[in-house]
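Have a look at the structure below, then the notes.
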Amino acid sequence: MLFLRPGLSGMLYRGAKVNKEKKILLSGNEAIAEGSIQAGCRFYAGYPITPQNELTAYMARRMPEAGGVFIQAESEIAAINMVLGAAASGIRAMTSSSSPGISLKQEGISYLAGAELPAVIVNMMRGGPGLGNIMSSQSDYFQATKGGGHGDYHCLVLAPSRVQESFDAMFSAFSLAEKYRVPSIILGDGMLGQVMEPFSVRDPAAFAGEKTVKVPKPWALTGCAGRGPNVVKSFYLRDGDLEDFNLRLQKKYAVILKKEARYEGTMLKDADLVLVAYGTMARICSAVVRRLRKEGKKAGLIRPVTLWPFPVQAFLPKASPARTFLVVEMSYGQMLEDVKLALNGRAQVSFIGRAGGGFPLEEVIAAEARKL
Amino acid sequence: MVKSANILGQEEKIIAAGSGGQGIMLLGKLLAEAGMRAGLRVTWLPSYGAEVRGGTANCMVVISKSEPGSPYVEKADTLIVMNQPSLGRFLPRLRQGGLLLYNSSLAQASVKTALDVRGYPFTETAAAAAGSLKAANMVALGAYIAVKKMFPAEKILEIIQEQKRELLEMNRKALLAGIALVK
Amino acid sequence: MKKIFSRPESLRDAATHYCPGCGHGIAHRLVAEVIDLLGVREKVIAVAPVGCAVVAYDYWDFDCCEAAHGRALAVATGIKRCRPDRVVFTYQGDGDLAAIGTNETIHAANRGENLTVVFVNNAIYGMTGGQMAPTTLIGQVTSTTPGGRQAELQGYPLKISEMLAMLPGVKYVERRGLFCPQEIIKAKAALHLAFDNQIRGGGFSLVELLSPCPTYWGMSPAAAMDWIRDTMVKEFPLGRIK
């Protein structure tokens, strides 16, 4: 069954027929948008910013078809607060943006965390700081994984590396957000948003059954008929109340750290050298690993799927016995810090990073790897 | 399915470049779509944002027998250029011994790096054969598939037919004229 | 014996945290009375502001959502679009609605969101300790205008209600003052109309209430009431604006 309107960003692919293999060409931005709708998202608010505009435009067309709400907000700040309102009313809600816009959303993200509201925020990262540029980047890792706004909080951060996975990730993003009542972030990059790849059209019913967890929301604001009034808030003025609340958050985060850290490991058991990369950088590094293996070098790859919780377990000796690790990022070393913490001094860690428009090329990574 | 595609090596990396309005994105998407339908792995990466507004357009296509690494093509196996500025800009990105296919209606090339340098009047041919300058991208695509013999013309026509029926006749003529240029 | 006066069902039995002579208590009660009158308590979702009234949910006995400073109308938009059959309103001060939240205010109004806004204008920031508000009068002394507000330095009192009335998406705007019983009765009638508009699907309605802040005006509660009547209404005339 065809449930997609493929390739809305390209005029050619509007209304395209799906071929026999049920594959269509789809961009990362479109896959995220469609994935979110398939995962039950029924409210989207966003503000234009490159390189994620296809996502917003897709939502403008598709959300009304799905019976949901689309709003082009007056600002990033308004968009995230509309999402907060929608989430408070119990609806699956999402916003998307790119780096400078995500900075503006930090206020709302902190309030979402403080009010324990589930919502999804998509960041298709571009170059910074400041207005930066519109090229692909991974320079918002710290912002996404360490909090970003004010207060002691975390968002659950998923980092898909391909178009198909971007679609799939939306189910996890919403399910986990609701399970733990936390905001979750899809941390992509400009290239992931723009690239078109073959996308397998699946039966949405079967797919939803596999990954969508329906969580009751007795806390939602629906009007107090048949129950006492609900209050959604993050303000605790009385002595001790805020500390109690924070301790409760920390307890929840501890459970997430223990249960939800995910990664994809490639040829780790016998590897002498392990590359570590996420998102688009990981797909490039997987090509490097294949190349090195052909040359006879025992290389492997750890691709963190969740960036928070960071998959520390992937770096334990029993999972990755290697003594040499090479971290590759489109930044000047942000995830690098988590890798070093995870390894805790037991292995040598090297780094290649570029940001501001460029990214480490296959040849450069391979050349560096051969030296290690 | 793979039989209908003919890649000499493991992977074919293409950069297509021209000015906005020359149908560069479509050319690249058709190649990616044809690759996908032939059971191959493909990626298509457009230039976007301010760059597009500046009047130039390019896209990068990777057609591969295995999972492609970077969708961004640093060194291309094939460079298809539709005008002079694009030739100047992207020629350094053609690998030693690659295929250069350029629009001799709008660009001139004296190139030694490429193994195979081919200039054809894509724009003039489009006007003569299909009655529209806008079909130059289809002429270029026809020339490309004729040189590489990667996909039969019918496969491309099949895709065009599903999409833009009203332009099918124009695009068919342009594609066939492009193939004829090479023969 | 016939009971002729009691606490509205929508108001909790809670001790007030507001200063003596503060207008929020009156405004909270009026909102609660109107909601009871319309019989919609179980359908109401309120959005509380940042400011003195942030804990409005401690007084109101219906669903409430807290919003970040200035974002109440964005939050309310999200709620109302998802729950169009509920009665959604924001309760905002002058700083919240007309300074930090001006953008959210103007655009929610311009979209014609079917919402009710209770705008409490006391010409000062109360919660943070008496700083200049966008609606502070010329010459009015605050902790950040120690020599009185000067137009050349701080601009003029912002007439946000009049500004909003210009927008085609706005259905109803009225300004009332909470300084004497007659006026308070008129304020209640205005609130009634503003909520009724929403229930009938009429669109964006706003009631501005001139409200006393004796603490940061440096006056007795009685003098604060008189100051609204004699001074504030000259800058902010009462009546229906749209």
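The basis for the numbers below is simple: all heavy atoms, side chains too, and nothing from hydrogens, waters or symmetry mates.
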request  = Would you please indicate if the ring centroids of His17(C) and Tyr59(C) are separated by under 6.0 Å?
outcome  =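 So the answer is yes for these two rings.
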query = Within a reach of under 6.0 Å around NZ of Lys171(C), are more than 12 heavy atoms found that belong to other residues, nucleotides or ligands?
reply =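 It does not: Lys171(C) NZ has 12 such atoms or fewer within range.
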Tell me, for [X] versus chain A, whether the close heavy atoms (under 4.5 Å) come from the side chain, the backbone, both or neither.
| X | answer |
| --- | --- |
| Arg41(C) | both |
| Val55(C) | side chain |
| Val54(C) | side chain |
| Arg86(C) | side chain |

Under 4.5 Å from any heavy atom of chain C - which part of [X]:
| X | result |
| --- | --- |
| Ala45(A) | neither |
| Phe235(A) | both |
| Glu107(A) | side chain |
| Val83(A) | neither |
| Arg42(A) | neither |
| Thr222(A) | both |
| Leu237(A) | neither |

message = Whether Arg29(C) and Asp36(C) form a salt bridge (side-chain N of Lys/Arg under 4.0 Å from carboxylate O of Asp/Glu) is what I want to check.
response =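 Between Arg29(C) and Asp36(C) there is no salt bridge, as every charged N stays at least 4.0 Å from the carboxylate O atoms.
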Counting heavy-atom pairs under 4.5 Å with chain A, which one of [options] comes out on top?
| options | answer |
| --- | --- |
| Ala68(C), Ala48(C), Ala46(C), Ala67(C) | Ala68(C) |
| Val47(C), Thr77(C), Val75(C), Val40(C) | Val75(C) |
| Asp85(C), Asp61(C), Val44(C) | Asp61(C) |
| Ala108(C), Ala74(C), Ala72(C), Ala76(C) | Ala74(C) |

Under 3.5 Å, is there a donor-acceptor pair between the [X] and [Y] side chains?
| X | Y | answer |
| --- | --- | --- |
| Thr95(A) | Lys105(A) | yes |
| Glu208(C) | Asn121(C) | yes |
| Asp140(A) | Asn123(A) | yes |
| Thr50(A) | Asn53(A) | yes |
| Thr136(C) | Tyr125(C) | no |
| Tyr18(C) | His28(C) | yes |

inquiry  = Could you measure the distance from the CZ atom of Arg181(A) to the NZ atom of Lys252(A)? Nearest 0.5 Å is fine.
reply    =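 Going from the CZ atom of Arg181(A) to the NZ atom of Lys252(A) covers 6.5 Å.
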Looking only at heavy atoms and a cut-off of under 4.5 Å, which of [options] has the most pairs with chain C?
| options | answer |
| --- | --- |
| Ala115(A), Cys224(A), Ala86(A) | Cys224(A) |
| Leu221(A), Val69(A), Ile80(A) | Leu221(A) |
| Ile71(A), Asn81(A), Val232(A), Leu84(A) | Asn81(A) |

request  = Kindly assign one of parallel, tilted or perpendicular to the pair Phe167(A) and Phe171(A), based on the angle between their ring planes and the thresholds 30° and 60°.
outcome  =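 Rings of Phe167(A) and Phe171(A): tilted, as their planes differ by 30° to 60°.
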